Amino acid sequence: MNIKQKSLSIVVCFFVLQSTAQINPYNYHSQKKVVGVNGAVVSAHPLASKVGISILKQGGNAVDAAIATQLALAVVYPGAGNIGGGGFMVAHLKNGKNIAIDYREKAPGKASRDMYLDSLGNPMLQLSQDGHLAAGVPGTVAGLFASYKYASLPFAKLIQPAIDLAENGFAITRSEAESFNELKEEFTALNTTLPVFVKQQHWKTGDTLIQKDLANTLKRIRDNGQKGFYAGETAKLIVAEMQKANGIISYEDLENYQAKERKPDVFNYKGNTIVTMPLPSSGGIILQQMMKMIEKRNIGAMKFQTVASVQLMTEVERRAFADRAEFLGDPDFVKVPVKKLTSNAYLAGRMKNYDAKKAGSSATTKAGIIKESEETTHLSVADNKGNVVAVTTTLNGSYGSRTVVNGAGFLLNNEMDDFSVKPGVPNMYGALGNEKNAIAPGKRMLSSMTPTIVLKNNKPYLVVGTPGGTTIPTSVFQTLVNILEFGMSAEDAVNKPKFHHQWLPDEIDVEKEFDKVVKQQLEAMGYKVMQRGHIGRTEVIQIKGKQIIAIGDYRGDDAAEGFAPVP
Ligand code: GLY
């Protein structure tokens, strides 16, 4: 996709972008593969990847670049990039330290367990998914400042490219134009004042999107730090927006929000050290369970997407997701038996009823027994100092609640739907839960986001992650298995077809390109196989010697940028 160069006025804007002088926001394309020597960034939008790489070129480290890329995504990729949502960062630093930062949204203080049930106890999912009441207290800005302690450049330098892109505008891609057009009615219905995403005429590829209110919010963050969002003018605008349409986020909720540094989930897989996100994301635990359930079964010999390898991977996905529904929730609120769930003995027990000749069933394969419980976006960054960063961040659904904070110019998440609104009632991704993931004031909703780093001999080897709701851990799982077991290139591991099983519904979802013969063989074994749209948009960085190979998924506008690219 090429955005055509526009007229003189646009060229003027180009020069206004002092902080990112090499970036032309009106003429760019999605570069899918790059091999850098001094660093690489891969994200869901070419302009955001360019912002990230410009920060590395200015001497910033991978954390600097990850912060700047996230801020740019909040402007150029409003469907999932955000300051009104939340996310997770996993990093391996050059000093050998692994870190995990949790900036997941929280339920507001006025939230309650049954807030999305009517008087008869029936779920009202529209309220957990659309509009003001669907929003959790945003965490992204607190997360940026929590990670900033590992950065090296002035924060003003990291945020300025995003301010410039919001203030002066950029040319939108085809998929952005399409989604603005498709969502026109929803944006109109779910906002008290029309947001900039709505205009009279149809949006076209290359149209300019200018976001002045968002630029002013970003300036308040630049000038006042975390308080530029969680206090003062921005916080007042959020509360005023809430009061217009039954929203419940209060000024105190915003003032009290804190990102948390957590102990990353670290485990060994055949000599590789895998560093991933702990609770409140389910992603890391699920990934560990799945990897450990296949570890002793020589999946490499079964080869990529044969009926044998797909069946084995499906059956471990089924078991991990059954456990997710039963046992997982915010560890600050509920007790989760993480050690047990990830122990070799427990996982061996989970596979006892695995039969390589027969389809498993979710009616008979439930959660294990323990005595004591789509629209998101990922970016991967590597610098030349030995730092690597994986960030997955989200508004939850595409464009979140579709509600923009009037005067502040950013979209609010609809993350409350990631709670279990009622045991047995699936959320928008079909995920089930119980009391462990029930709504409570100040609690973080369970996530599936799985930003992951693989180390070989304690040196960064892979940086992986993807959006996709419940398909996130299974996509990360498949990407790792593709590379570590099937010996695939990073490019193929990202772009080859993916599949997904999440216990319930009891079906294997496959992309259109999934092998038809294998599909028939699985059906003959008794599996229900459903074709669906794309699964995830995986962004991988692979470090091989001096080469830093970055791959953007073909499934979207995703783009890779390299510092000192090898032609
Ligand atoms: N909102 C998607 C997730 O956190 O899993």
Side-chain angles (χ1 to χ4, degrees), residues 78-80 82-86 104-140 183 185-195 197 229-230 234-257 280 329-330 333 374-376 394-423 425-429 431 433 437-447 469:
N82 69 81
I83 54 172
R104 183 67 162 163
E105 300 92 325
K106 287 170 78 157
K110 291 202 187 84
S112 56
R113 183 180 175 278
D114 296 336
M115 64 187 277
Y116 300 114
L117 303 184
D118 67 14
S119 56
L120 299 173
N122 298 313
M124 299 181 288
L125 295 182
Q126 209 181 346
L127 294 181
S128 69
Q129 295 176 5
D130 301 335
H132 299 64
L133 196 59
V137 183
T140 295
L183 290 171
E185 267 179 39
E186 287 196 44
F187 280 135
T188 306
L190 295 170
N191 284 282
T192 47
T193 308
L194 281 188
F197 311 125
F229 185 88
Y230 291 99
T234 313
K236 282 186 198 151
L237 287 167
I238 296 172
V239 175
E241 184 62 51
M242 287 290 125
Q243 285 164 355
K244 284 191 211 155
N246 301 321
I248 56 171
I249 297 176
S250 69
Y251 198 87
E252 293 69 40
D253 288 331
L254 293 162
E255 267 193 329
N256 292 336
Y257 184 89
D330 181 349
F333 278 72
E374 205 142 334
E375 192 77 23
T376 297
T394 184
L395 288 168
N396 197 23
S398 185
Y399 297 87
S401 61
R402 271 88 77 229
T403 296
V404 173
V405 177
N406 187 29
F410 61 87
L411 281 150
L412 287 165
N413 65 83
N414 56 348
E415 218 70 62
M416 292 297 283
D417 192 61
D418 267 348
F419 279 117
S420 173
V421 304
K422 184 181 178 181
V425 173
N427 72 1
M428 71 167 75
Y429 297 106
N437 192 30
I439 303 168
K443 189 174 174 184
R444 284 162 153 89
M445 54 297 281
L446 195 60
S447 170

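Side-chain atoms are counted along with the backbone in the values below, which use heavy atoms only and exclude waters and symmetry mates. For clarity, every value in this text was computed on a predicted model and none was experimentally measured. Position 1 is the first residue of the sequence, and the numbers go up from there.
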Q. Should we say atom NZ of Lys236 is surrounded by more than 12 heavy atoms from elsewhere, each under 6.0 Å from it?
A. no
Q | Taking every non-hydrogen atom, the tightest pair across Pro441 and Ala111 | A | CG-O, 3.3 Å
Q) Hey, what do you get for CG (Leu237) to CZ (Phe229), rounding to the nearest 0.5 Å? A) 10.5 Å
Q: Could you grab the distance from atom CD1 of Ile249 to atom NZ of Lys110, nearest 0.5 Å is fine?
A: 10.5 Å
Q: Over all heavy atoms of both residues, which pair between Pro195 and Val404 is shortest? Give the atoms and the distance, please.
A: CB-CG2, 3.5 Å
Q | For Ala440, side chain to side chain contact (heavy atoms under 4.5 Å, CB included) partners two or more places apart | A | Phe333, Lys443
(Q) Strictly distance-based, threshold 3.5 Å: is any side-chain N or O of Arg402 a donor or acceptor partner for the main-chain N or O of Gly397? (A) no
(Q) Could you check whether atom CD of Gln126 has more than 12 heavy atoms from other residues, nucleotides or ligands sitting under 6.0 Å from it? (A) no
Q) Just checking, is any N or O donor in the side chain of Thr403 or Asn191 under 3.5 Å from an acceptor N or O on the other one? A) no
Q | Met242 vs Ile248, side chain to side chain contact (heavy atoms under 4.5 Å, CB included): CA-CA, chis, key distance, verdict | A | CA-CA 6 Å; Met242 287 290 125; Ile248 56 171; 5.9 Å; no
Q: Grab the two heavy atoms, one from Leu133 and one from Asn246, that are nearest each other, plus how far apart they are.
A: CD1-O, 3.4 Å
Q: For residues Tyr230 and Tyr251, establish whether the separation of their ring centroids is below 6.0 Å.
A: no
(Q) Under a 3.5 Å distance rule, please check whether Asn406 uses its side chain to pair with a backbone N or O of Thr193 as donor and acceptor. (A) no
Q: Report the distance from atom CG of Asn82 to atom OG1 of Thr140, rounding to the nearest 0.5 Å.
A: 3.5 Å
Q. If only atom types and distance count, is the side chain of Glu105 paired as donor or acceptor with the main-chain N or O of Pro138 below 3.5 Å?
A. no
**Q.** Flag side-chain contact, heavy atom, 4.5 Å: Val421 against Asn427
**A.** no
**Q.** side chain to side chain contact (heavy atoms under 4.5 Å, CB included) against Asn122, all qualifying residues, sequence neighbours excluded
**A.** Asp118, Leu120
Q: Please tell me if the side chains of Arg104 and Met445 come closer than 4.5 Å, counting only heavy atoms from C-beta onward.
A: yes
Q: Check whether any side-chain heavy atom of Met124 sits under 4.5 Å from a side-chain heavy atom of Leu117, and report yes or no.
A: no
Q) For Phe419, what residues pass the ring pair (Phe, Tyr, Trp, His ring centres under 6.0 Å) criterion, not counting sequence neighbours? A) none
Q) Between the side chains of Asn414 and Ser401, is a donor N or O closer than 3.5 angstrom to an acceptor N or O? A) no
Q) How long is the gap from CG on Asp418 to CG on Leu446, to the nearest 0.5 Å? A) 7.5 Å
Q) Do Glu415 side-chain atoms and Gly136 backbone N/O form a donor-acceptor pair below 3.5 Å? A) no
Q) Roughly how far, to the nearest 0.5 Å, is CD1 of Ile439 from CG of Asp114? A) 8.0 Å
Q: Could you tell me whether Asp253 and Lys106 make a salt bridge, using a distance below 4.0 angstrom between a side-chain N and a carboxylate O?
A: no
(Q) Between Ile238 and Leu254, does the side chain to side chain contact (heavy atoms under 4.5 Å, CB included) criterion hold? Intermediate values first, please. (A) CA-CA 9 Å; Ile238 296 172; Leu254 293 162; 4.0 Å; yes
Q: Report the residues that fulfil ring pair (Phe, Tyr, Trp, His ring centres under 6.0 Å) with Tyr116, sequence neighbours left out, ordered by chain and then residue number.
A: none
**Q.** Residues that Ser112 engages under side chain to side chain contact (heavy atoms under 4.5 Å, CB included), provided they are two or more places apart
**A.** Met115
Q: Applying side chain to side chain contact (heavy atoms under 4.5 Å, CB included), name anything that partners Glu252, two or more places apart in sequence or on another chain.
A: Ser250, Asn256
Q | Any side-chain donor near an acceptor of the partner, Asp417 and Ser128, under 3.5 Å | A | yes
Q.
For Lys422 versus Gly121, what's the shortest heavy-atom pair and its separation?
A. NZ-O, 2.8 Å
Q) Under 4.5 Å between any side-chain heavy atoms of Phe197 and Leu183, yes or no? A) no
Q.
Please determine whether side chain to side chain contact (heavy atoms under 4.5 Å, CB included) holds for the pair Met428 and Asn396, giving the CA-CA distance in whole Å, both sets of side-chain angles, and the decisive distance to 0.1 Å.
A. CA-CA 9 Å; Met428 71 167 75; Asn396 197 23; 3.7 Å; yes
